[in-house]
Amino acid sequence: MTELSPESPLLQPLELGDIHARNRVLMAPLTRSRSGDDGVPGDLVVEYYRQRAGAGLIVSEGTQPSAVGKGYTNTPGLHTDEQQAGWAKIADAVHGEGGKIVVQLMHAGRVSHPDNSGLEAIAPSAIAPGIEMFTKGGSKEIPAPREIAADEIARVVDVFVDASTRAIEAGLDGVELHAANGYLLHQFLADGANHRTDSYGGSPENRARLVVEVVRAVSAAIGAGRVGIRISPGGTASGITEDDTTGAYEALLSQIDGLGLAYLHVLVDAEDPFLGKLRSAWSGPFVLNTGFAAMTTRDEAEKLVSDEIADAVTVGRPFIANPDLVTRWTHDTELNTPDESTFYGGGAEGYTDYPSLEG
């Protein structure tokens, strides 16, 4: 490889709604489990994001919008004043380096264990995901959640609105609504997890209804140009199954495409034929993550943008080990190798101690 030309599509700025990205190499949301038991991101988390401010946009780790929305241990929240104050420090640190950051709001739904949240999980239907989860007491089977009652749906929408409002008050650049990877919003979309017989289950339009309501309510509260959404059609993460892999997403996009959202973030293999249909169904900025099978390379990312398959790409593991990834890709410099044993939980090791080119 050689150095990237200044005209490389990866290095061009991009307007993501109201968010100005200085390049098209975005940092993917990455659960790292370094926050306190109270969901407050501390100084170590602040430093982690500050180091990676060279990304065109940082999409934060999944962050619970309510106490019952917590899935994993030591994940951050955004539903208390103390958590909001922690995110304000992160926003200041990233902006101080010239970067942009949105918080990914992730209600885990049924992908939760009471040993972690202290609460009974909620979901569209009382169907266990059929997987185990790490808890402070070790790995345990996740129990079946409680089905959300019809008169509780509005409260689900409200917690996303409240967390989004807190994000803007904290100085963050926006939010990403996590409707992928088997978490709550995805559970409503997926016919394998949603067996409801009311207006939030059954047909593709009904399964998409809650997600549409959340998108519209959050957009009304903070402005659509500060709202992104992530989907993973056909994905099987966290025990999710979808027999109908197109209907709910076509119903969803047809209702939110005209709202002026900041971006659509799609997690799907670049060779998946459904990718082209999603791209053509979306008129706004289109962000692609190619999945977990292999780490994204610079040349792959550049081709995806150059060929207009996506307007930008999100990159995960390379950003874990290379806080200055954009600089390294620009100058074709050797990359640090990520240490998978330190991905989840712990302290600075494997988190903030990866070297940058500047030392």
Does NZ or CZ of Arg32 lie under 6.0 Å from the centre of the six-membered ring of Tyr351, at an angle within 45° of the ring axis? no
Donor-acceptor under 3.5 Å (Arg110 side chain, Ala123 main chain): no
Do Leu177 and Val102 belong together in a cluster built from hydrophobic side chains that touch within less than 4.5 Å? no
Looking at Ser232 and Asn181, would you say the former's side chain and the latter's main chain have a donor-acceptor pair under 3.5 Å? yes
With a 4.5 Å cut-off on side-chain heavy atoms, are Thr31 and Phe343 touching? no
Quick one: does any side-chain atom of Glu152 pair with a main-chain N or O of Ala149 as donor and acceptor, under 3.5 Å? yes
Distance-only, no hydrogens or angles: does the Arg279 side chain make a donor-acceptor pair with backbone N or O of Glu308 under 3.5 Å? yes
Heavy-atom side-chain proximity of Ile256 to Leu261 below 4.5 angstrom: yes
Report the C-alpha distance between Glu176 and His265 in whole Å, list the side-chain angles of each, state the deciding distance to 0.1 Å, and finish with yes or no for side-chain hydrogen bond (donor to acceptor under 3.5 Å, both in side chains). CA-CA 9 Å; Glu176 177 175 286; His265 185 186; 2.9 Å; yes
Single-linkage hydrophobic cluster Ile153~Tyr183, side-chain heavy atoms < 4.5 angstrom: no
So, the side chain of Asn23 versus the backbone of Gly56: is there a donor-acceptor pair under 3.5 Å, distance only? yes
When you check the gap from the basic side-chain N to the acidic O, do Glu213 and Arg216 get nearer than 4.0 Å? no
Calculate, to the nearest 0.5 Å, the distance between atoms CG and CD1 belonging to Leu185 and Ile229 respectively. 7.0 Å
Is there a side-chain contact between His195 and Ile127, using heavy atoms and a 4.5 Å cut-off? yes
Show your working on side-chain hydrogen bond (donor to acceptor under 3.5 Å, both in side chains) between Glu302 and Ser8 and close with a plain yes or no. CA-CA 8 Å; Glu302 186 172 38; Ser8 166; 2.7 Å; yes
Give me the atom names and distance for the closest heavy-atom approach of Trp87 to Gly77. NE1-O, 3.1 Å
Distance col, row Thr165:OG1 vs Ile222:CD1, nearest 0.5 angstrom, shows 7.0 Å
Is the CG atom of Asp43 crowded by more than 12 outside heavy atoms at less than 6.0 Å? no
Separation between OG of Ser125 and CZ of Phe188, rounded to the nearest 0.5 Å: 8.0 Å
Okay, side chain of Asn206, backbone of Tyr200: is any donor-acceptor separation there less than 3.5 Å? no
Hey, is the main chain of Pro124 close enough, under 3.5 Å, to the side chain of Arg196 for a donor-acceptor pair? yes
Approximate separation, where rounding is to 0.5 Å, of Arg317 CZ and Thr337 OG1: 12.5 Å
Taking the side chain from Glu242 and the backbone from Gly192, do they hold a donor-acceptor pair closer than 3.5 Å? no
Between the main-chain N or O of Thr80 and the side-chain N or O of Gln83, is there a donor-acceptor pair closer than 3.5 Å? yes
Could you walk me through whether Tyr49 and Glu61 pass the side-chain hydrogen bond (donor to acceptor under 3.5 Å, both in side chains) test, one step at a time? CA-CA 10 Å; Tyr49 285 117; Glu61 63 206 282; 2.6 Å; yes
Student check: side-chain heavy atoms of Asn289 and Leu267 closer than 4.5 Å: yes
Closer than 3.5 angstrom, by distance alone: can the side chain of Gln12 be matched with the main-chain N or O of Arg22 as a donor-acceptor pair? no
Going from CG on Leu357 to OG1 on Thr327, what distance comes out if it is rounded to the nearest 0.5 angstrom? 7.0 Å
Working for side chain to side chain contact (heavy atoms under 4.5 Å, CB included), residues Leu16 and Leu57: CA-CA 9 Å; Leu16 299 167; Leu57 173 69; 3.8 Å; yes
Specify whether Phe274 and Tyr249 have parallel, tilted or perpendicular ring planes, treating 30° as the upper limit for parallel and 60° as the lower limit for perpendicular. perpendicular
Under 4.5 Å between side-chain heavy atoms, counting indirect links through other Ile/Leu/Val/Met/Phe/Trp/Tyr residues: same cluster for Val313 and Ile309 or not? yes
Run Val159 and His79 through side chain to side chain contact (heavy atoms under 4.5 Å, CB included) and show every step you take. CA-CA 8 Å; Val159 299; His79 54 89; over 6 Å; no
Please lay out, stage by stage, how Leu275 and Leu288 fare under the test side chain to side chain contact (heavy atoms under 4.5 Å, CB included). CA-CA 9 Å; Leu275 175 58; Leu288 180 64; 3.9 Å; yes
Electrostatic pair Asp244-Arg207, nearest N-O below 4.0 angstrom: yes
What is the minimum heavy-atom distance between Asn74 and Lys136, and which atoms define it? OD1-NZ, 3.5 Å
In terms of heavy-atom contacts, does CD of Glu349 have more than 12 from other residues, nucleotides or ligands at under 6.0 Å? no
Compare all side-chain heavy atoms of Thr63 with those of Thr75 and state whether any distance is below 4.5 angstrom. no
Pairs involving residues 70-84, ordered by first then second residue, that meet salt bridge (charged side-chain N to carboxylate O under 4.0 Å, His left out) (sequence neighbours left out): Asp81-Arg166
Shared hydrophobic cluster, Leu335 / Leu10 (ILVMFWY, side-chain heavy atoms < 4.5 Å): yes
Run Ser356 and Glu358 through side-chain hydrogen bond (donor to acceptor under 3.5 Å, both in side chains) and show every step you take. CA-CA 5 Å; Ser356 65; Glu358 295 180 355; 5.3 Å; no
Look at Arg209 together with Asp198 and state whether they make a salt bridge at an N to O cut-off of under 4.0 Å. no
Just so I know, are the side chains of Trp282 and Asp311 near enough to count as touching, which here means a heavy-atom distance under 4.5 Å? no
Begin from the C-alpha positions of Thr352 and Gln51 and carry the test side chain to side chain contact (heavy atoms under 4.5 Å, CB included) through to its verdict. CA-CA 8 Å; Thr352 57; Gln51 291 175 351; 3.7 Å; yes
Report yes if the side chains of Val94 and Lys89 come closer than 4.5 Å at any heavy-atom pair, otherwise no. no
Could Asp173 and Arg226 be called an ion pair, given the rule that one side-chain N must be under 4.0 Å from one carboxylate O? no
For the residue pair Arg24 and Leu304, establish whether any side-chain heavy-atom pair is separated by less than 4.5 Å. no
